[in-house]
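Throughout, protein chains are lettered first and strands after them, A, B, ... in sequence-line order, and every chain is numbered starting at 1.
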Protein chains: 2
Amino acid sequence: MQELLTIGQLSTRSGVAMSALRYYEQIGLLRADRTGGNQRRYARSELRRVAFIRISQQVGVSLDEIREALESLPAARTPTPEDWTQLSRLWRNRLDEKITLLTRLRDDLDGCIGCGCLSLRRCTLSNPGDRVADEGPGARLAMPR
Amino acid sequence: MQELLTIGQLSTRSGVAMSALRYYEQIGLLRADRTGGNQRRYARSELRRVAFIRISQQVGVSLDEIREALESLPAARTPTPEDWTQLSRLWRNRLDEKITLLTRLRDDLDGCIGCGCLSLRRCTLSNPGDRVADEGPGARLAMPR
DNA sequence: CCTTGAGCTGAAGTTGGCTTTAAGTTGCAG
DNA sequence: CTGCAACTTAAAGCCAACTTCAGCTCAAGG
């Protein structure tokens, strides 16, 4: 089994265009060794990173935020289980938030449909936990961040 | 209680910039009546739409797709409960997919952390249901759409 | 009536996330 | 050692989703 992947191989295996992979490297999301002739050679572990990046992106996280997360992994040494645990904890919160938001949207959409109103005022959807009730009556979006 | 909202009021209540609201109107996501002096007056129901738009966007849906969804609501007549049910069903699938993806990411991240590997090859994360196994060995991202 | 803040338009500018292009170099199979 | 696909770079281009700007008009309180 090959140790290192060419950019073409990484692209095929990850389903991400080569140009995108180069772009990710440029903005510090991926790293690659070079051959004598200056061609990229990726460690197999970069596949994990690409998967992490694309899935995170799919659910609305910016590349900037993804980089921040990935930067918590030390570049100098091989990440320890503790390093990964740290990263995991960070993202668990973020993911939990998103899941909650989505589930609420889905259920409230269903709920609102039930009564035929799609009222985002009466629903918790746009006003979770009535957090903004003291800002006066009426609907108001309560978004994370 | 006021019947119609000015753009400033809609902006304040929705937390969405006026320029964004005008943009949404321009691309057909919102509709507004006009005063004699050409100023926008929004029906209160537009508040629902804005909430729907922003929440959908939060979880990675494009404005184009959102418009498609909203277009399933008839402009000519007041939407019936059936109209809303249709829209709801459409989005339920979409949302279910996203929720599944997110939950898997979260759980697998945890699981991988457990063994200290964050292996996206062995995990279902990047290869749900081994859907791509017959495309050869190794990791490959299996994304919806 | 006057002032002032809120709103109007169209056009240009911005940011994120890439893709495309041009012109050249590398690496491997035959 | 040749030929050709795969690779390299920098720069330009592109699309989505807005924001900003200039120069104006409107609406409501004093």
Side-chain angles (χ1 to χ4, degrees), chain A residues 1-43 46 49-71 141 143 145, chain B residues 2-43 46-47 49-71 141 143 145:
Chain A
M1 168 169 130
Q2 280 175 281
E3 257 318 293
L4 297 173
L5 302 171
T6 66
I7 191 168
Q9 291 170 327
L10 185 60
S11 172
T12 303
R13 283 179 168 280
S14 66
V16 174
M18 293 192 301
S19 58
L21 294 175
R22 289 197 198 96
Y23 174 70
Y24 290 164
E25 182 175 341
Q26 200 179 308
I27 63 173
L29 287 174
L30 295 179
R31 281 164 18 79
D33 294 336
R34 298 297 178 119
T35 63
N38 197 35
Q39 295 194 358
R40 290 171 180 82
R41 286 303 120 96
Y42 294 94
E46 294 303 281
R49 277 185 170 245
V50 178
F52 183 79
I53 292 165
R54 295 309 278 232
I55 293 171
S56 303
Q57 235 187 345
Q58 267 275 316
V59 296
V61 183
S62 73
L63 294 186
D64 233 59
E65 292 176 289
I66 295 170
R67 183 180 45 227
E68 265 180 60
L70 288 174
E71 270 170 4
L141 298 185
M143 293 289 163
R145 308 187 53 83
Chain B
Q2 281 175 278
E3 258 315 295
L4 299 172
L5 302 171
T6 65
I7 191 168
Q9 291 169 329
L10 185 60
S11 173
T12 302
R13 282 179 168 278
S14 67
V16 174
M18 293 194 301
S19 58
L21 294 174
R22 290 197 199 96
Y23 175 70
Y24 290 163
E25 182 175 342
Q26 199 179 308
I27 64 173
L29 287 174
L30 294 179
R31 282 163 18 78
D33 294 336
R34 297 298 178 117
T35 63
N38 198 35
Q39 296 195 356
R40 288 170 182 83
R41 287 302 122 94
Y42 295 94
E46 294 302 281
L47 215 40
R49 278 184 169 246
V50 178
F52 183 79
I53 293 165
R54 295 310 278 229
I55 293 171
S56 304
Q57 236 188 344
Q58 266 274 316
V59 296
V61 183
S62 72
L63 294 185
D64 233 57
E65 292 176 289
I66 295 170
R67 182 179 47 225
E68 265 180 61
L70 287 174
E71 270 169 4
L141 297 185
M143 291 291 163
R145 307 186 53 84

message = Rounded to the nearest 0.5 Å, what separates atom CG in A:Leu63 from atom OH in A:Tyr23?
response = 6.0 Å
inquiry  = Rounded at 0.5 Å granularity, tell me how far CD1 in A:Ile7 sits from CZ in A:Arg22.
reply    = 4.0 Å
remark   = First and last nt of DNA chain D near chain B, cut-off under 4.0 Å to heavy atoms, 5' to 3', are D:dA17 to D:dA27
ask   = What heavy-atom pair brings A:Ile66 and A:Gln57 nearest, and what distance separates the two atoms?
value = CD1-N, 4.1 Å
Any protein N or O atoms within reach of nucleotides 4-7 of chain C? Criterion: under 3.5 Å, listing atom names and distances.
residue	atom	partner	partner atom	Å
C:dG7	OP1	B:Thr6	OG1	3.1
C:dG7	OP1	B:Gly8	N	2.9

note = Residue set satisfying side-chain hydrogen bond (donor to acceptor under 3.5 Å, both in side chains) with B:Ser19, at least two apart, ordered chain then number -> none
Non-neighbouring partners of A:Arg67 that pass salt bridge (Lys or Arg N to Asp or Glu O under 4.0 Å), sequence neighbours left out = A:Asp64, A:Glu71
key: All side-chain hydrogen bond (donor to acceptor under 3.5 Å, both in side chains) counterparts of A:Glu46, not counting sequence neighbours   = none
query = In whole angstroms, how far is the C1' atom of C:dT15 from the CD atom of A:Gln26?
reply = 15 Å
remark   = Of all heavy-atom pairs linking A:Ala20 and A:Arg54, the shortest is CB-NH1, 4.4 Å
query = Rounded to the nearest Å, what distance is computed from the CD atom of residue A:Glu68 to the P atom of nucleotide C:dG16?
reply = 13 Å
query = side-chain hydrogen bond (donor to acceptor under 3.5 Å, both in side chains) with A:Glu25: which residues, sequence neighbours excluded?
reply = A:Arg34, A:Arg40
remark   = By nearest-nucleotide position on DNA chain D, the 5'-leaning member of B:Gly36 and B:Asp64 is B:Asp64
ask   = Is any side-chain N or O of B:Arg34 closer than 4.0 Å to OP1 or OP2 of C:dT9?
value = yes
